[in-house]
Amino acid sequence: LISSGSDRMVGKLFSISVNIPAFLEKFPDAKLLYMARDPLNVIPSGLSLVTGVLDGVFGFWSFPKEKRQFYIDRLYNALVELQIRFHDDWVNGRIDKSKVMIVRYDRMMSDFEGLMDDILEFTDHKASDDLLAKIRDTGEQQRNYTSKHKYDLEKFGLSEEKIRTDCAKIYDTFFNE
């Protein structure tokens with residue numbers, strides 16, 4: 001804030017999602033955007049990212065299968081827990097919903113301009129003409145984007161059914177419309 005001369009800071013901080021009530025208590029003027037993304041996408045993506053780094057540094061995929069699976073299982077449980085903790089705080093009224101906006105990833109990809117209008121209103125931000133033009137350009141790019149990432153759940157000892165079962169609360173609250 002000091003170096004930019006601004007009165008607003010924007011950060012991408014996934015780590016606060018496990019304790020948003022305490023964060024909002026410490027920063028009562030904060031406004032948070034929480035990205036809700038299908039666990040069938042976010043979990044394998046997280047597993048792939050972390051194991052890819054570990055493989056590059058330590059040769060993770062050359063470790064014995066039992067040792068790899070032990071680590072993958074723990075990482076999987078942590079990725080599920082991150083989502084469940086937020087969910088439980090959200091549905092049990094521990095999060096001031098006037099301070100947190102749920103941003104669905106699928107909407108970001110399909111209705112970027114509409115979502116940005118909602119975000120600008122939520123954050124009380126007056127957009128410049130330049131920002132509005134960038135939003136329009138980004139919206140067009142988002143609609144034409146197709147991810148090249150394909151994840152093999154079996155590589156991680158997982159199945160779609162397991163993820164859907166373990167994350168049932170997430171689906172029920174954020175993805176059933």
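- Looking at residues two or more places apart in sequence or on another chain, you find a salt bridge (Lys or Arg N to Asp or Glu O under 4.0 Å) between Arg107 and Asp111, Asp118.
- Under the 4.5 Å side-chain criterion, counting only non-hydrogen atoms from C-beta, Tyr105 is in contact with Met108.
- Distance CD/Gln142 to OG/Ser110: 9.5 Å, rounded to 0.5 Å.
- Within the 4.5 Å cutoff, the side chain of Val42 has no heavy atoms near those of the Leu79 side chain.
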Original post:
Given the rule in the side-chain contact (heavy atoms from CB on, under 4.5 Å) test, do Leu131 and His125 qualify, once you have shown the distances and angles that lead to the verdict?
Top reply: CA-CA 11 Å; Leu131 177 58; His125 185 75; 4.1 Å; yes

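- The closest side-chain donor-acceptor pair between Asn92 and Asp88, if any, does not fall under 3.5 angstrom.
- Residues Val57 and Leu54 share a hydrophobic cluster, clusters being chains of Ile/Leu/Val/Met/Phe/Trp/Tyr side chains in contact below 4.5 Å.
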Subject >> Stepwise side-chain contact (heavy atoms from CB on, under 4.5 Å) test for Phe86 and Ile102 >> reply: CA-CA 11 Å; Phe86 174 82; Ile102 303 295; 3.6 Å; yes

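- Residues Ile170 and Phe175 meet the side-chain proximity criterion, which asks for heavy atoms closer than 4.5 Å.
- By the 4.0 Å N-to-carboxylate-O rule, Arg136 lies too far from Glu140 to be salt-bridged with it.
- Between the side chain of Asp89 and the backbone N or O of Arg94, no donor-acceptor pair lies under 3.5 Å.
- In this structure, a donor-acceptor pair under 3.5 Å is absent between the side chains of Ser128 and Asp130.
- Between the side chain of Arg85 and the backbone N or O of Ser17 there is no donor-acceptor pair closer than 3.5 Å.
- Tyr76 has its ring centre no less than 6.0 Å from the ring centre of Phe156.
- Proximity of a side-chain donor or acceptor of Thr123 to a complementary backbone N or O of Ile119 within less than 3.5 Å is detected.
- A cation-pi contact, defined as under 6.0 Å to the ring centre and within 45° of the axis, is absent between Arg104 and Phe174.
- Counting all heavy atoms, side chain and backbone alike, Phe23 lies closest to Ile16 at CD1-CG2, 3.8 Å.
- Between Phe112 and Ile135 there is a side-chain heavy-atom pair separated by less than 4.5 Å.
- The line from CD of Glu121 to NZ of Lys126 is 13.0 Å long, rounded to the nearest 0.5 Å.
- To the nearest 0.5 Å, atoms CE (Met101) and CE (Met35) are separated by 10.0 Å.
- For the pair Glu160 and Leu40, the minimum side-chain heavy-atom distance is below 4.5 Å.
- Atom CG of residue Leu115 and atom CG of residue Leu33 lie 8.5 Å apart, to the nearest 0.5 angstrom.
- No donor-acceptor pair closer than 3.5 Å links the side chain of Lys99 to the backbone N or O of Leu32.
- Proximity of a side-chain donor or acceptor of Asn77 to a complementary backbone N or O of Asp73 within less than 3.5 Å is detected.
- Minimum interatomic distance between Leu158 and Ile43 (heavy atoms only, all atoms of both residues): CD1-CG2, 4.4 Å.
- Here salt bridge (Lys or Arg N to Asp or Glu O under 4.0 Å) pairs that include residues 18-41, with residues two or more places apart or in two chains, number zero.
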Subject >> side-chain contact (heavy atoms from CB on, under 4.5 Å) evaluation trace for Glu66 with Gln69 >> reply: CA-CA 5 Å; Glu66 301 79 33; Gln69 198 59 50; 5.9 Å; no

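- Cation-pi geometry between Lys169 and Trp90 is not satisfied (NZ or CZ under 6.0 Å from the ring centre, within 45° of the ring normal).
- Between Tyr171 and Arg164, some side-chain heavy-atom pair lies under the 4.5 Å cut-off.
- For Ser62 (side chain) and Gly59 (main-chain N/O), a donor-acceptor pair under 3.5 Å exists by modelled atom type.
- In this structure, Tyr71 has its ring center under 6.0 Å from that of Phe60.
- With contacts defined as side-chain heavy-atom distances shorter than 4.5 Å, the pair Val80/Pro39 does not qualify.
- Under the 4.5 Å side-chain contact rule for hydrophobic residues, Leu153 and Leu47 share a cluster.
- For the atom pair CZ of Phe58 and OG1 of Thr51, the computed distance is 13.5 Å after rounding to the nearest 0.5 Å.
- Under a hydrophobic clustering in which Ile, Leu, Val, Met, Phe, Trp and Tyr are joined whenever their side-chain heavy atoms come within less than 4.5 Å, directly or via other members, Val50 and Phe63 fall into the same cluster.
- Looking at Asp96 and Ile20, their side chains never come closer than 4.5 Å, going by heavy atoms from C-beta outward.
- Asp129 is linked by a salt bridge (Lys or Arg N to Asp or Glu O under 4.0 Å) to nothing, counting only residues two or more places apart in sequence or in another chain.
- A salt bridge links Arg143 and Glu113; the closest N-O separation between the charged side-chain nitrogens and carboxylate oxygens is under 4.0 Å.
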